[in-house]
Chemist: 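I have a structure I would like to understand better, so I am pasting it below and will then ask my questions one at a time.
Side chains are part of it too, since the values below use all heavy atoms of this structure and drop only hydrogens, waters and symmetry mates. By convention here, the first residue in the shown sequence is residue 1.
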Amino acid sequence: TPLRDEDFVSPGPWLDWIRRDPLALRSVTAGFLRSAQRLTRRMQTAIPRLRVPLLVVLSRRDVLVENEAIRRSFVGPYAGPKRVLEYDTDHYVDFTNARPEFERELEAWLLEQRR
């Protein structure tokens, strides 16, 4: 794939952990890509009908994700209860110093959904 381990985390223990992962996907076939495209189309068709609570977590400077495209094509048409959290980080928040804040907000969001 055109992805690099460094796209997911900054140098350090998490990067080392990803590099040692024996289940890491390092290459894909054309069939895999076709299947992924079909799955994406099915997701886009289903999004407006879904009603389960949706929490979307974004990192402001993530090189892998175009946040506005996510908001436009995924969050926008979603009809169920939804919330978007966006952190000023380079990568997904699990691997950054935003993790404690994310954990607090996730817990609060889960408690809200119980009602």
Side-chain angles (χ1 to χ4, degrees):
T1 69
L3 304 175
R4 301 173 309 122
D5 296 337
E6 296 82 10
D7 292 338
F8 297 94
V9 297
S10 298
W14 289 112
L15 180 58
D16 297 338
W17 179 79
I18 287 174
R19 287 183 172 157
R20 287 190 312 269
D21 184 356
L23 300 176
L25 184 62
R26 300 292 178 186
S27 63
V28 297
T29 64
F32 176 91
L33 294 174
R34 282 191 302 275
S35 295
Q37 287 175 334
R38 281 194 301 271
L39 186 58
T40 298
R41 284 192 296 274
R42 288 181 67 188
M43 177 194 71
Q44 290 169 334
T45 300
I47 287 171
R49 298 189 314 262
L50 296 175
R51 299 294 184 270
V52 296
L54 173 70
L55 178 66
V56 176
V57 181
L58 301 170
S59 292
R60 197 160 289 135
R61 297 182 311 275
D62 191 330
V63 298
L64 297 177
V65 178
E66 186 181 332
N67 291 354
E68 285 311 309
I70 296 292
R71 289 176 192 275
R72 182 177 56 255
S73 63
F74 186 67
V75 177
Y78 192 84
K82 58 191 168 187
R83 182 165 179 205
V84 177
L85 300 176
E86 186 171 331
Y87 296 94
D88 189 27
T89 58
D90 295 329
H91 307 288
Y92 186 70
V93 298
D94 273 2
F95 302 111
T96 70
N97 59 4
R99 184 177 179 167
E101 182 182 352
F102 164 64
E103 289 173 349
R104 285 189 299 276
E105 293 202 53
L106 174 60
E107 182 179 4
W109 182 81
L110 289 169
L111 291 172
E112 284 175 26
Q113 302 317 305
R114 289 190 335 180
R115 297 178 195 152

Chemist: Which distance, rounded to the nearest 0.5 Å, do you find between the CH2 of Trp14 and the OG1 of Thr96?
Modeler: 11.0 Å
Chemist: Less than 4.5 Å apart, any side-chain heavy atom of Leu54 and any of Phe74?
Modeler: yes
Chemist: Using modelled atom types only, decide if a donor and an acceptor are shared between the side chain of Lys82 and the backbone of Val75 within a distance under 3.5 Å.
Modeler: yes
Chemist: Roughly how far, to the nearest 0.5 Å, is OG1 of Thr89 from CZ of Arg99?
Modeler: 13.0 Å
Chemist: Measure the shortest side-chain to side-chain distance between Tyr78 and Val52 over non-hydrogen atoms and say whether it is less than 4.5 angstrom.
Modeler: yes
Chemist: Report, as yes or no, whether the 6.0 Å neighbourhood of atom CZ on Arg51 holds more than 12 heavy atoms from other residues, nucleotides or ligands.
Modeler: yes
Chemist: Indicate yes or no: does Arg26 engage Asp5 in a salt bridge with an N to O separation below 4.0 Å.
Modeler: yes
Chemist: Would you give the length of the straight line joining atom CG of Leu85 to atom CG of Leu58, rounded to the nearest 0.5 angstrom?
Modeler: 8.5 Å
Chemist: For Met43 and Ile47, run side-chain contact (heavy atoms from CB on, under 4.5 Å): C-alpha distance rounded to whole Å, both residues' side-chain angles, the deciding distance at 0.1 Å, then the answer.
Modeler: CA-CA 6 Å; Met43 177 194 71; Ile47 287 171; 4.0 Å; yes
Chemist: Do the side chains of Glu105 and Leu110 get nearer than 4.5 Å, heavy atoms only?
Modeler: no
Chemist: Counting C-beta onward and ignoring hydrogens, is there a side-chain heavy-atom pair between Asp90 and Asp62 closer than 4.5 Å?
Modeler: no
Chemist: Between Arg83 and Val56, is there a side-chain heavy-atom distance shorter than 4.5 Å?
Modeler: no
Chemist: I need the minimum non-hydrogen distance between Glu66 and Arg72, along with the two atoms involved.
Modeler: OE2-NH2, 4.1 Å
Chemist: Contact between Asp16 and Ile18 at the side-chain level, heavy atoms closer than 4.5 Å - yes or no?
Modeler: no
Chemist: Scan side-chain atoms only and decide if Thr45 and Arg42 contain a donor-acceptor pair under the 3.5 Å cut-off.
Modeler: no
Chemist: Salt-bridge test for Glu68 and Arg71: reply yes if a basic N is under 4.0 Å from a carboxylate O, no otherwise.
Modeler: yes
Chemist: Spell out, yes or no, whether Leu25 and Leu33 are grouped together once hydrophobic residues are joined by side-chain heavy atoms under 4.5 Å, including indirect joins.
Modeler: yes
Chemist: If you compare all heavy atoms of Tyr87 against all heavy atoms of Phe102, which two are closest, and at what distance to 0.1 Å?
Modeler: OH-CA, 3.1 Å
Chemist: Look up atom CG in Leu106 and atom CD in Glu103, then write down how far apart they are to the nearest 0.5 Å.
Modeler: 8.0 Å
Chemist: Where is the tightest heavy-atom contact between Gln44 and Pro48, given as atom of each residue plus distance?
Modeler: O-CD, 3.5 Å
Chemist: Below 4.5 Å, heavy atoms only, C-beta onward: do Arg19 and Leu15 meet side chain to side chain?
Modeler: yes
Chemist: List the atom of Ser73, the atom of Pro77, and the distance in Å for their closest heavy-atom pair.
Modeler: O-CG, 3.3 Å
Chemist: Below 4.5 Å, heavy atoms only, C-beta onward: do Ser59 and Val93 meet side chain to side chain?
Modeler: yes
Chemist: Specify the closest pair of heavy atoms between Asn67 and Arg60, including all atoms of both residues, with the distance to one decimal.
Modeler: ND2-CA, 3.8 Å
